[in-house]
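All values reported here derive from a predicted model rather than from experimental measurement. Read the numbers this way: they start at 1 and go in the same order the structure lists the ligands and their atoms.
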Amino acid sequence: MGRVAIVTGGTRGIGEAICKRLKRQGHMVIANYAGNDEKAAAFTAETGIPARRWDVGDHEACLAGCAAIEAEFGPIDIVVNNAGITRDATLHKMSFEDWNEVLRINLGGCFNMAKATFPGMRERGWGRIVNIGSINGQAGQYGQVNYAAAKSGIHGFTKALAQEGAKFGVTVNAIAPGYIDTDMVAAVPAPVLEKIVAKIPVGRLGMAEEIARGVAFLTSENAGFMTGSTMSINGGQHMY
Ligand code: CAA
């Protein structure tokens, strides 16, 4: 059965692969994006998936953005909180703004999107929320106190909201990707990235589509008994 699904940060990287996969599953998918209008237009032209621009770290913008989508397409039954940024630096070089911005967008975005959509799912008795965490939220990462804290927060957020949604048919799960071949990972300095890849047992970066397949399962009817879990897709880099 096709449902209305929204994917934040949906026009690039992992989000783009998730949008395409959910569309192939028969859902009416809408991609949210933050700033790159040119890429969003190209994405819509290629996929036919509408893209809507707002900052997921902005609470009011999330409420308004989701309300507009519901007015146009119907109730949102599937939310994939994928939007995220990095502002990597060691703590002694990290500014308060770099700390705050990563928390505001990566973790605050999950709260804002859930506030906009969870009450409706609860009332209708069905919903799927998938939050994209990270291996670096599970294991920590040198130079990422902001990102690791936000992603670790996402894993806690997931387990807490899962308990609230369970009796209403709303499942809430996380995926913890490892290092995936995206622009975000390409921004890691090459010598640093080489050392990281050398520690991945599978011997390569992951592909965005490999995360999208996990999302497809977690958002399906078949996953109704799975909630509050974290699916680690990381090539064996962190077995947790
Ligand atoms: N463990 C221990 N020491 C480390 C280290 C590590 N993992 N990484 C770097 N260091 C050391 C270096 O060896 C160096 O030590 P010396 O001065 O004694 O040689 C010192 O730390 C400084 O290293 P840099 O020259 O790299 O310092 P920098 O200030 O220029 O950059 C950094 C620091 C920004 C953290 C940079 O190392 C970096 O970008 N690292 C990668 C961080 C990372 O993995 N980000 C993931 C982004 S992708 C993502 O987040 C997606 C996801 O979910 C997986």
Side-chain angles (χ1 to χ4, degrees), residues 7-19 32-36 39 56-57 80-110 113 129-159 173-215 218 229-240:
V7 180
T8 68
T11 59
R12 300 195 299 140
I14 292 174
E16 178 175 3
I18 294 170
C19 282
N32 151 272
Y33 71 102
N36 192 335
K39 173 60 191 159
V56 294
V80 183
N81 284 312
N82 164 75
I85 61 165
T86 52
R87 293 279 186 275
D88 293 355
T90 49
L91 179 84
H92 72 287
K93 290 185 192 163
M94 187 179 288
S95 66
F96 176 70
E97 202 202 7
D98 286 343
W99 161 263
N100 215 29
E101 198 59 357
V102 169
L103 268 291
R104 186 183 75 82
I105 293 172
N106 296 15
L107 183 56
C110 293
M113 288 300 293
I129 297 179
V130 179
N131 300 317
I132 304 299
S134 169
I135 186 174
N136 294 347
Q138 296 171 310
Q141 170 62 34
Y142 189 101
Q144 284 201 311
V145 294
N146 50 3
Y147 186 88
K151 293 295 188 178
S152 184
I154 286 176
H155 294 302
F157 176 89
T158 299
K159 291 174 196 173
N173 291 285
I175 292 185
Y179 282 72
I180 308 299
D181 191 5
T182 59
D183 291 348
M184 182 185 271
V185 166
V188 174
V192 178
L193 190 57
E194 263 170 42
K195 283 187 199 151
I196 291 170
V197 175
K199 288 187 186 148
I200 302 175
V202 168
R204 61 170 174 85
L205 294 175
M207 295 178 297
E209 170 60 18
E210 291 174 307
I211 305 304
R213 287 180 205 139
V215 174
L218 291 173
S229 75
T230 298
M231 192 187 270
S232 296
I233 307 178
N234 61 30
Q237 191 185 346
H238 182 61
M239 299 185 183
Y240 181 74

Which atom pairs, donor and acceptor, lie under 3.5 Å between side-chain atoms of residues 190-208 and protein residues at least two apart or in another chain?
from : atom 1 : to   : atom 2 : distance (Å)
R204 : NH1    : E210 : OE1    : 3.1
R204 : NH2    : E210 : OE2    : 2.8

Does anything in residues 9-18 form a salt bridge (charged side-chain N to carboxylate O under 4.0 Å, His left out)? List the pairs, not counting sequence neighbours. R12-D183, E16-K20, E16-K39
Rounded to the nearest 0.5 angstrom, the CD1-CD1 distance for I211 and I14 is 5.0 Å
By the definition side-chain contact (heavy atoms from CB on, under 4.5 Å), identify the one residue from T158, N131, N82 that meets it with C110. N131
Can you check side-chain contact (heavy atoms from CB on, under 4.5 Å) on I154 and L107, steps first, answer last? CA-CA 6 Å; I154 286 176; L107 183 56; 3.9 Å; yes
Qualifying salt bridge (charged side-chain N to carboxylate O under 4.0 Å, His left out) pairs, either residue in residues 139-159, two or more places apart: none
Just the distances, no angles: every ligand 1 N or O to protein N or O pair closer than 3.5 Å, one line each.
from     : atom 1 : to   : atom 2 : distance (Å)
ligand 1 : 21 (O) : Y142 : OH     : 2.5
ligand 1 : 29 (O) : K93  : NZ     : 2.7
ligand 1 : 44 (O) : Q141 : NE2    : 3.3
ligand 1 : 44 (O) : Y179 : OH     : 2.7
ligand 1 : 45 (N) : D88  : OD2    : 2.7
ligand 1 : 45 (N) : Q144 : NE2    : 3.4
ligand 1 : 50 (O) : Q144 : NE2    : 3.0
ligand 1 : 53 (O) : S134 : OG     : 2.7
ligand 1 : 53 (O) : Y147 : OH     : 2.7

